[in-house]
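Working notes, structure below.
The sequence lines fix the lettering, A, B, ..., with proteins before strands; numbering per chain opens at 1. The structure presented is a predicted model; accordingly, all values stated were derived computationally and were not measured. Hydrogens, waters and symmetry mates are skipped; everything else that's a heavy atom, side chains included, is used.
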Amino acid sequence: MSSTTAARSTEVTVELRVNGRTYPARLDSTTTLLDALRDELHLTGTKKGCDQGACGACTVLRDGKRIVSCLTLAAQCDGSEITTIEGLADDGVPHPVQEAFVRHDALQCGYCTAGQVMSAVALLREGRAHTDDEIREFMSGNLCRCAAYPNIVAAIREVADS
Amino acid sequence: MTTTLTKQSLLGRPIDRIDGRRKVAGAAPYPSDFDLPGQAHAALVSSTIANGRITRIDRSAAEAAPGVLLVLTRDNAPAVADPPMSNLGSTMRWYFRDDRILHYGQHIGIVVAGTRAQAQAAARLVEVEYAAEEPVLDLDDPRATIEENPYGLDSSRGDAAAALDAADVTVDSTYTIGAEINSPMGLFTTVASWQGGRLVVHDTTQFPSMVRASLAAMFGVPERDVRVLIPFLGGGFGAGLRLWSHTVLTTMAARELDRPVKLVLTRPQMFSSTGHRAASRQRMRLGATQDGRLVAIDHDAVAANGIGDMLPAPIEMGTPMAYACDNVATHERRAHLNIAFTGFMRAPGSVELHFALESALDELAGKLGIDPVELRLRNYAEVHPESGKPWSSKALRECLTVGADRFGWSGRDPSPRSTRDGDLLVGQGMAEASFDFYAQPCTVRLSVDRGGNALVRTGATDIGTGTYTITAQLTADLLGIEVDQVRVELGDTDLPPAPQSGGSGLAGALGAAVKDAAAALGERLARLDGRPGETIASLLDRHGLDELSATGHSDLPAAAATTDLAVAGPFAATFAEVGVDEELGVVRVRRLVSVIDGGRLYNEKTARSQIIGGTVMGIGAALLEEAAYDPHTGRVANGTFGDYLMAVNADVPDLDITFVGGPDAFNPVGTKGLGEIGIVAVAPAIANAVHHATGRRIRDLPITLDKLL
C-alpha cells in the first residue's frame with residue numbers, strides 16, 4: 001500500500017482488558033496501546049517519553065510480560081490481559097516493588113517511574129534478578145534522566161531477596 | 001553557636017519523599033496528563049533548513065484537512081509584544097517577528113485539530129518554501145558573528161601574562177565540549193485555556209513566575225490574570241528555565257479559537273525546542289613554581305549561542321575564585337550559530353570550566369611530579385581570592401582528603417599505563433569542583449490549624465529534587481510537629497511568589513522564607529499566651545481560632561551584598577577509576593567516589609539522590625553525550641532517544657557518596673544547593689583517569705572510542 005500524507009482512518013473495534021476490567025473501544029487502527037490507555041481509557045499513569053520504544057517510560061504488562069506500549073497497536077491487544085501501574089496495587093495495598101521504590105528513593109521527578117516499576121515487576125517474574133549486574137542489565141531498557149539507577153537496583157534487589 | 005540541631009531534629013533525616021507514593025502509583029499529574037473539556041490538540045510545523053528565509057507558506061491543504069480548526073503561521077498570527085528579560089538574563093526571540101530561519105526545527109506554525117492524529121497529519125500538509133543558505137554550525141566558522149565579553153564578566157587580577165612568562169612550569173591546553181541536550185523524560189507540554197479573559201496554563205516549566213510574566217506581557221493582560229500550574233514536572237535539568245515558543249503558540253491558538261488547546265512536544269522536537277548546553281572551546285594556560293604553587297591562570301572561552309539570541313552561560317565566572325593564585329585573567333566570547341537556542345543545563349558554565357581547569361591541573365601535576373590531590377591542597381583558597389573575605393562555609397579540604405581516603409588514592413602508582421586488569425588498562429583520576437552561590441527572593445505563606453496541621457504554600461516547583469519533602473521536613477522541624485502533619489502546595493502562580501527551581505538556589509531561598517514565616521507565626525502564637533509544653537492545636541483551640549497564618553520572606557541576594565562573609569556555594573571532590581579496552585577504545589567507569597560539602601542537609605536521602613543524579617549525568621557527559629549536527633541541514637542528526645546516548649542503568653558502577661562539612665554560616669538554615677554540584681567534577685575525574693590508564697590526554701568531550709583508537 002502506498003503511503004500518503006493525508007490522514008487515513010480505518011476504525012476497528014477492540015476489546016481491551018486492562019487491570020481486570022473490560023473496555024470495549026472503537027479506535028483508529030493505527031492507535032497505539034499507549035495512546036489508547038492515556039487518551040481513551042484515561043489511565044495516564046503510563047507515560048510517553050519518546051514514542052519510539054527507546055526509553056521504556058510506557059512499559060506495561062501484556063499477559064504478564066513487559067512490553068513498550070508505544071510500539072504496540074491497541075488492536076493487537078484484543079483478548080490480551082494488560083496490566084498498568086494503576087492495576088498493580090492489590091486491593092489498595094501497594095505492590096512490594098512500589099513500596100521498595102519509595103523506601104529506596106528509586107525515583108526523583110517520577111516521570112519514568114511507572115515504566116521502571118512495571119519493568120521491575122516483570123523482571124522479578126522472569127527470575128533474572130539474581131545479582132546487581134543482572135538487574136542493571138535487564139533494567140537498562142528503562143531510561144531515568146534523574147538517574148535514580150543505583151536506588152532502583154537496591155529496591156529491586158530488596159524485593160528479590162525477600 | 002555552631003548548630004541548632006537538637007536530638008529530636010527532623011532536619012537531615014533520610015525520610016521517604018512525601019510525594020513518593022503518588023509517583024509510584026502513577027497518580028502524580030504532569031502537564032501532559034491534563035485534559036480539559038472541549039480541548040483541541042495542536043501540532044507544530046518546523047523548519048527543515050537551518051539558515052535562510054521563508055519565501056512562501058501555503059496553509060490551504062492543511063486547513064482543508066479533516067478535523068482542522070486552525071492553522072497559524074506568521075502570515076496570519078496576531079502580533080504579540082516582546083517578553084521581558086528574566087532574572088537569569090534571558091528573553092525569547094519571537095520567531096514570527098520576521099521571515100528569517102535561524103535554525104533547523106524552528107517553529108513556523110501551529111496546527112490545531114479535533115484530535116492529535118488529525119493535527120499531526122495536517123501539520124505535514126503546510127507547504128513552506130525557503131531561500132536557503134548554508135548553515136553556520138561550527139565555532140571556528142569565520143562567518144560566525146562573535147561577541148566579545150558578552151556578560152561583562154571578563155576579569156583580571158595581577159598580571160597573568162607576565163606571570164606566565166616568568167613561571168617555572170606552564171600548561172597551555174585547549175579543551176572542547178560538544179553540545180549536550182537536557183533531555184528530561186517528561187515531554188514538554190502546554191495546555192492553555194482562556195477562561196473569560198483569564199489565562200490558565202499547565203506548562204512544563206521550572207520557572208512559573210517567569211512564564212506568567214512573559215505571557216502577560218506578550219498577550220497584554222495583567223499578571224494577575226495569568227495562572228501557571230505545574231505541580232509535577234517530569235524533569236528539567238535547566239530546560240524549563242526559559243520561555244519557549246511552543247508555550248506562546250499554544251496560548252495564542254487557544255485565544256484565537258476560544259477553547260482549550262493542548263500541545264505535547266515530540267521527542268525529536270525536544271532536541272530543538274527546549275535548549276541545550278552550548279558547544280564550547282576553552283584555552284587554559286597555567287603557570288606554576290617548581291614546588292607547585294600556581295602563579296598564573298589565563299582562561300579563554302568561546303561558547304555557541306543561537307542567532308539573535310542571548311543567554312548567559314558564564315564559563316569564566318568561577319575561574320577567579322577556584323584557587324589561591326595572584327594572577328588570573330579571563331576572557332569569554334560567544335559565537336552566534338545556526339543552532340537551536342541554547343539553554344541552561346545542569347551546572348551551566350561550571351561544568352565547562354571545571355573540565356578545562358581540572359584537566360589542566362592534572363597535566364600540571366604530571367609535569368611537576370606532584371600528586372594531583374596534593375597540588376590542589378597547595379593552592380587551596382582559604383579565603384575568597386578576590387575579596388579576601390572568609391568563606392561562609394568551605395569544606396573542600398575534607399572533600400579532598402576524605403575522598404582520597406575512601407577511594408584508596410594513596411596506593412596509586414602515578415605513572416600512566418601502570419595498571420592492568422586482564423585485557424583492560426586501569427586508571428584512576430580525580431578532580432575538585434565548586435558551584436557559585438546563587439539565590440533569588442522567595443515568599444511563603446504558612447498556616448497552622450486547630451487540628452495541629454500545617455500548610456505551606458509557595459509558587460515554586462518541585463522538579464524532582466525533593467522540594468515538597470524538604471519543605472515539609474523543615475516546617476515540621478520548626479513547628480515541632482510530625483512531617484505527615486504538614487501539607488505543601490507548590491506549582492501554582494496564584495500562590496506567593498517564588499523563584500525558579502534552578503541554579504541550586506531554591507532550597508536555600510525557600511528554607512530561609514519558611515524559617516522567617518515560622519518565626520512570624522511563633523510571635524503570633526506567643527502573643528496568645530501559651531502555656532509551657534502546650535501544642536499549637538491546643539493553643540488555637542483554647543482561643544477559639546480555626547487557624548493562624550503568617551507570611552515569610554527571604555532576600556538572600558540582598559543579604560549577600562552586605563555580609564562580611566564570602567557567600568559560598570557547594571564544593572565537591574570526585575575520584576574515578578576506569579577500565580579501558582585499548583583494542584576497542586571502550587571506556588567503562590569501574591567505581592566512583594564523590595565527597596560533597598552541601599552545608600546542612602535537609603534530608604540525607606533526597607540529598608544523596610541529587611548527587612547520584614548529577615554524577616550519572618556527568619558519566620554521560622564524559623563518555624556518551626553529544627548532539628551531532630548534519631553539516632548541510634543543521635539538523636541534530638541523532639535527535640532521538642534511540643540515537644542520542646545517555647547513561648543507562650548498566651553504565652553506572654558502584655557509587656560511594658559522602659557528605660562533609662557543617663551548616664553554612666550565611667544561609668539561615670545553613671544549607672547550600674545540591675542540584676548541580678554532583679555533576680561538576682565527574683567528567684574531568686574520568687578524563688584524568690583515562691589519561692592515567694592509557695597515557696592519552698583526551699581534551700574533547702565526550703571521550704568516545706574513536707578518540708582512543
Closest-packed option against chain B by number of heavy-atom pairs under 4.5 Å, given [options]:
| options | result |
| --- | --- |
| A:L43, A:V97, A:D35 | A:D35 |
| A:A114, A:A89, A:P150 | A:P150 |
| A:C112, A:C55, A:G53 | A:C55 |
| A:A106, A:C144, A:A54, A:G141 | A:A54 |

Mind checking whether [X] and [Y] have side chains closer than 4.5 Å, heavy atoms only?
| X | Y | result |
| --- | --- | --- |
| A:K48 | B:V264 | no |
| B:R17 | A:D105 | yes |
| B:P29 | A:T44 | no |
| A:Y111 | B:S32 | yes |

With chain A, which of [options] has the greatest number of heavy-atom pairs at distances under 4.5 Å?
| options | value |
| --- | --- |
| B:G20, B:A650, B:G26 | B:A650 |
| B:A65, B:S183, B:A28 | B:S183 |
| B:D654, B:D35, B:I15, B:T615 | B:D654 |

Per-residue contact mode, [X] against chain A (heavy atom under 4.5 angstrom):
| X | result |
| --- | --- |
| B:R608 | neither |
| B:Y30 | side chain |
| B:T606 | both |
| B:D651 | neither |
| B:L655 | side chain |

Would you sort out whether B:K23 and A:Q108 count as a side chain to side chain contact (heavy atoms under 4.5 Å, CB included), showing the intermediate values? CA-CA 9 Å; B:K23 285 177 172 173; A:Q108 290 180 36; over 6 Å; no
Can you say whether [X] sits under 4.5 Å from chain B via the side chain, the backbone, both, or neither, judging by heavy atoms?
| X | value |
| --- | --- |
| A:S140 | both |
| A:D39 | side chain |
| A:Q98 | both |
| A:K47 | side chain |
| A:I152 | side chain |
| A:L143 | both |

Go through A:E99 and B:V24 one step at a time and tell me if the side chain to side chain contact (heavy atoms under 4.5 Å, CB included) criterion holds. CA-CA 8 Å; A:E99 298 273 22; B:V24 297; over 6 Å; no
Check [X] against [Y] and note the closest heavy-atom contact, atom names and distance.
| X | Y | result |
| --- | --- | --- |
| B:S609 | A:N151 | OG-ND2, 3.3 Å |
| B:I612 | A:A147 | CG2-O, 3.2 Å |
| B:G642 | A:Q52 | N-OE1, 3.5 Å |

Before accepting this row, confirm whether a basic side-chain N of the pair B:E180/A:R145 lies closer than 4.0 Å to the acidic partner's carboxylate O. no
Salt bridge or not for B:D33 and A:R38, using N-O below 4.0 Å? yes
Other residues, nucleotides, ligands: >12 heavy atoms within 6.0 Å of A:R21 CZ: no
Does CZ belonging to B:R590 count more than 12 external heavy atoms closer than 6.0 Å? yes
Nearest 0.5 Å, please: how far is SG in A:C50 from OH in B:Y644? 15.5 Å
To the closest 0.5 Å, what do you measure between CZ (B:R22) and OG1 (A:T113)? 13.5 Å
Any sub-3.5 Å donor-acceptor pair from B:R267's side-chain atoms to A:G49's backbone N or O? yes
Any donor-acceptor pair under 3.5 Å linking the side chain of B:K605 with the backbone of A:R103? yes
